[in-house]
Q: 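One structure follows; several queries about it will come next.
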Amino acid sequence: MTMLDVQDIHVHYGAIHALKGVSLKVEAGTIVTLIGANGAGKSTTLRALSGLLPLSTGAIDFIGQSIGGRPVHKIVRDGLCHCPEGRKVFPQLTVKANLELGAYIRHDKTGIKSDLEQIYQLFPRLKERLSQAAGTLSGGEQQMLAIGRSLMGRPRLLMLDEPSLGIAPLLVQEIFRTIKKINAEQKMTILLVEQNAHMALKIADHGYVLETGKVVLSGKASDLAADPRIKAAYLGH
Ligand SMILES: Nc1ncnc2c1ncn2[C@@H]1O[C@H](COP(=O)(O)OP(=O)(O)O)[C@@H](O)[C@H]1O
Ligand SMILES: [Mg+2]
């Protein structure tokens, strides 16, 4: 089943034409990565998908429904969760309170409790720091918290914006392993935006390459990783 079908979307910031016809598909149960250099339009794409930015033209279908132009809170309830660039945890609140806030659209107390347990298993570092203010966590730990908080909303599609940005390499590896685990164990569908093409293509099933607001290449992640154009431009060899 195609979970997300993005058709030829255009987005402007005033006079700046940031997305110039982006099309992509995400099949249920897969990890799809959108890679590209700084400024290519990756975050703009996610903001448009989650309803934070209006489309100039184009269409977005999510689980068979058109969501282009729908307000953000409705899109969240439809099951599309956007874990933003820069993590955006609530620094003064504890780790536990941040996680609980992720479940704000839910009322199933026992489900929430068991999901918390699941997140502690995925991220043992969070469990050790539950009563600590989120702002005192390292960057990598805050990223784990942001992902955990997103999972607490039980989304159908999890969109992650540059989970590796500004994080120590060892923690990046841990985070990517966990993203893969979430996909494998929970059958979570994931749209992963990354500048770190090497890591992203390793865990993704399918990939799209964005350059100045356009998709210039797409295919199986393993094919992209082996493609000489990708190697030269994004993989540094
Ligand atoms: N709020 C904004 N106002 C004006 N231009 C913006 C804004 N946000 C992003 N842009 C521009 O849109 C383009 C795409 O940005 P962005 O989607 O953030 O790229 P990426 O996430 O791939 O680094 C860039 O040229 C950027 O300068
Ligand atoms: Mg970005």
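Every number for a ligand or one of its atoms is a count from 1 in the order of the listing. The basis for the numbers below is simple: all heavy atoms, side chains too, and nothing from hydrogens, waters or symmetry mates.
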Q: Which protein heavy atom lies closest to atom 13 (C) of ligand 1, and at what distance to 0.1 Å?
A: G39 O, 3.7 Å
Q: If we ignore angles and hydrogens, is there a donor and acceptor under 3.5 Å between the side chains of E85 and S43?
A: yes
Q: Exactly one of R70, Q65, H73 should register a side-chain hydrogen bond (donor to acceptor under 3.5 Å, both in side chains) with D78. Which one does?
A: R70
Q: Can you confirm whether something in the protein, heavy atoms only, sits under 4.0 Å from atom 26 (C) of ligand 1?
A: no
Q: Report the nearest protein non-hydrogen atom to atom 2 (C) of ligand 1: residue, atom name, distance rounded to 0.1 Å.
A: Y13 CD2, 3.5 Å
Q: Should you measure from each heavy atom of N38, which atoms of ligand 1 turn up under 4.0 Å away?
A: 23 (O)
Q: Return yes or no for this condition: an N or O of S43 is under 3.5 Å from an N or O of ligand 1.
A: yes
Q: With a 4.0 Å cut-off on heavy atoms, is G14 in contact with ligand 1?
A: no
Q: Which of the numbered atoms in ligand 1 are under 4.0 angstrom from any heavy atom belonging to I16?
A: 5 (N)
Q: Going by distance only, is there an N or O of A18 that falls short of 3.5 Å from an N or O of ligand 1?
A: no
Q: For R106 and G111, work out which heavy atoms get closest and say how close.
A: NH2-C, 3.4 Å
Q: Kindly say whether L192 contributes a backbone atom to a donor-acceptor pair with the side chain of T33 at under 3.5 angstrom?
A: yes
Q: How far is atom 19 (O) of ligand 1 from its nearest protein heavy atom, and which residue and atom name does that atom have?
A: G41 N, 3.2 Å
Q: Is V76 close to Y104 at the side-chain level, that is, under 4.5 Å between some pair of heavy atoms?
A: yes
Q: Checking the side chain of S23 only, and the main-chain atoms of D8 only, is there a donor and an acceptor separated by less than 3.5 Å?
A: yes
Q: Hydrogens and angles aside, do T2 and E27 bring a side-chain donor and acceptor to less than 3.5 Å of each other?
A: yes
Q: Please answer whether the main-chain N or O of K25 pairs with a side-chain N or O of Y208 as donor and acceptor at a distance below 3.5 Å.
A: yes
Q: Give me the number of protein N, O or S atoms whose distance to the Mg ion (ligand 2) is under 2.8 Å.
A: 2
Q: Output the list of atoms in ligand 1 that are nearer than 4.0 Å to some heavy atom of A37, sorted by atom number.
A: 22 (O)
Q: Restricting to non-hydrogen atoms, name the atom on R149 and the atom on L99 that form the minimum distance, rounded to 0.1 Å.
A: N-CD2, 3.6 Å
Q: Using heavy atoms and a 4.0 Å limit, tell me yes or no: is G36 in contact with ligand 1?
A: no
Q: Does one side chain, of N98 or E100, offer a donor that lies under 3.5 Å from an acceptor on the other?
A: no
Q: Looking at T44, which atoms of ligand 1 are within less than 4.0 Å of one of its heavy atoms?
A: 14 (C), 15 (O), 16 (P), 17 (O)
Q: If you look at every heavy atom in L4 and L80, which pair is closest and at what distance?
A: CD1-CD1, 4.5 Å
Q: Is there a donor in the side chain of T94 and an acceptor in the side chain of Q132, or the other way round, less than 3.5 Å apart?
A: no
